[in-house]
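One is the number of the first residue; the rest follow in order along the sequence. Atoms within a ligand are numbered from 1 in the order they appear, just like the ligands themselves. Since the model is a prediction, treat every value here as computed from it, not as a measurement. Scope of the values below: all heavy atoms of this structure, side chains included, with no hydrogens, waters or symmetry mates.
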Amino acid sequence: ALERTLSIIKPDATKRNLTGKINAVFEGAGLRIVAQKRIHLTEKQAGAFYAVHKERPFYGSLVSSMIAEPVVVQVLQGEGAVAKNREVMGATNPADAAEGTVRKLFAESIEANSVHGSDSLENAKNEISFFFAETEILP
Ligand code: CMP
């Protein structure tokens, strides 16, 4: 089915000027960027976005890393977009990521792993509405 998923190009990647290269990987895999904006997250926004990880030991460091530089938040659309994007991103830890994936190509570490993508259709809906109004999404 045609789906939408929320993608974030993280500070480690925007800092290294990799937005276009990462978008080329998404587009090459058949995902369409139907909404996109560059924003600087506040600590409150980043903390709320990653609230499910609040009890994890890496939460504070994750939030700090996400507010260090601007991010690019985007809505990707395509057939099976949620799973396709996860495939194209590769494993969370770049050491485990398959050849050709965004994280294998570009990520620096498990935390500075260049991209975030929604892990389910339900989370995709919530994460998209966290950043975008329906009127900002132009398929
Ligand atoms: P992301 O897909 O954005 O979802 C949660 C993020 O937490 C994950 O990518 C990583 O950036 C980070 N993360 C997950 N596990 C660890 C870990 N063990 N140590 C540090 N950061 C982690």
Side-chain angles (χ1 to χ4, degrees):
L2 193 65
E3 295 174 358
R4 288 173 179 174
T5 193
L6 190 278
S7 168
I8 305 178
I9 301 178
K10 296 186 178 186
D12 71 90
T14 62
K15 186 179 185 175
R16 289 177 290 145
N17 209 21
L18 293 171
T19 299
K21 287 202 170 81
I22 291 172
N23 279 347
V25 177
F26 292 150
E27 292 182 339
L31 293 163
R32 301 186 76 89
I33 301 161
V34 295
Q36 175 168 264
K37 57 190 170 190
R38 182 172 163 101
I39 59 178
H40 203 137
L41 292 172
T42 64
E43 187 169 8
K44 204 173 158 183
Q45 273 179 312
F49 184 80
Y50 281 122
V52 299
H53 297 302
K54 210 165 200 151
E55 305 308 325
R56 305 278 197 103
F58 58 80
Y59 177 74
S61 170
L62 174 62
V63 169
S64 300
S65 75
M66 290 298 291
I67 66 176
E69 296 278 337
V71 297
V72 174
V73 292
Q74 48 193 190
V75 179
L76 306 179
Q77 181 174 291
E79 276 300 311
V82 173
K84 184 175 280 184
N85 182 42
R86 291 187 70 76
E87 195 182 314
V88 148
M89 286 193 299
T92 303
N93 188 344
D96 303 326
E99 288 300 326
T101 61
V102 171
R103 285 166 171 160
K104 177 72 177 188
L105 287 166
F106 304 120
E108 298 182 306
S109 67
I110 191 167
E111 180 171 278
N113 64 352
S114 300
V115 282
H116 166 83
S118 308
D119 64 2
S120 69
L121 197 53
E122 191 191 346
N123 284 340
K125 292 199 166 94
N126 293 330
E127 291 182 3
I128 289 168
S129 63
F130 189 93
F131 290 111
F132 293 96
E134 198 58 40
T135 51
E136 293 178 295
I137 303 170
L138 302 170

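- Contacts between R103 and ligand 1 below 4.0 angstrom, taking non-hydrogen atoms only, involve the side chain exclusively.
- For E134 and R4, the salt-bridge test passes: some basic side-chain N is under 4.0 Å from an acidic carboxylate O.
- Heavy-atom contacts of H116 reach the following atoms of ligand 1: 1 (P), 2 (O), 3 (O), 4 (O) (cutoff under 4.0 Å).
- From the protein, the heavy atom lying nearest to atom 17 (C) of ligand 1 is F58 CD2, 3.5 Å.
- The two residues S118 and E127 have their closest heavy-atom pair at OG-OE1, 2.8 Å.
- At a 4.0 Å heavy-atom cut-off, ligand 1 touches H53 through the side chain alone.
- Geometrically, K37 engages F132 in a cation-pi contact, judged by NZ or CZ lying under 6.0 Å from the ring centre and within 45° of the ring axis.
- Annotation for ligand 1: atoms under 4.0 Å from non-hydrogen atoms of Y50 are 1 (P), 3 (O), 4 (O), 5 (C).
- Here is the list of ligand 1 atoms found below 4.0 Å of a heavy atom in L62: 6 (C), 7 (O), 11 (O), 12 (C).
- Residues A91 and R103 come closest through the heavy atom pair O-CD, 3.1 Å.
- The heavy atom nearest to atom 8 (C) of ligand 1, out of those in I8, D119, N113, is found in N113.
- For atom 11 (O) of ligand 1, the closest heavy atom belonging to the protein is K10 NZ, 3.0 Å.
- Checked by atom type and distance alone, the side chain of T14 pairs as donor or acceptor with a backbone atom of P70 at under 3.5 Å.
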- Evaluate the criterion salt bridge (charged side-chain N to carboxylate O under 4.0 Å, His left out) for residue pair E69 and K10; output intermediate values, then yes/no. CA-CA 8 Å; E69 296 278 337; K10 296 186 178 186; over 6 Å; no
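- Taking atom 10 (C) of ligand 1 as the reference point, the nearest protein heavy-atom neighbour is I110 O, 3.2 Å.
- Among residue pairs with one or both ends in residues 67-123, those qualifying as ring pair (Phe, Tyr, Trp, His ring centres under 6.0 Å) are F49-H116, Y50-H116; sequence neighbours excluded.
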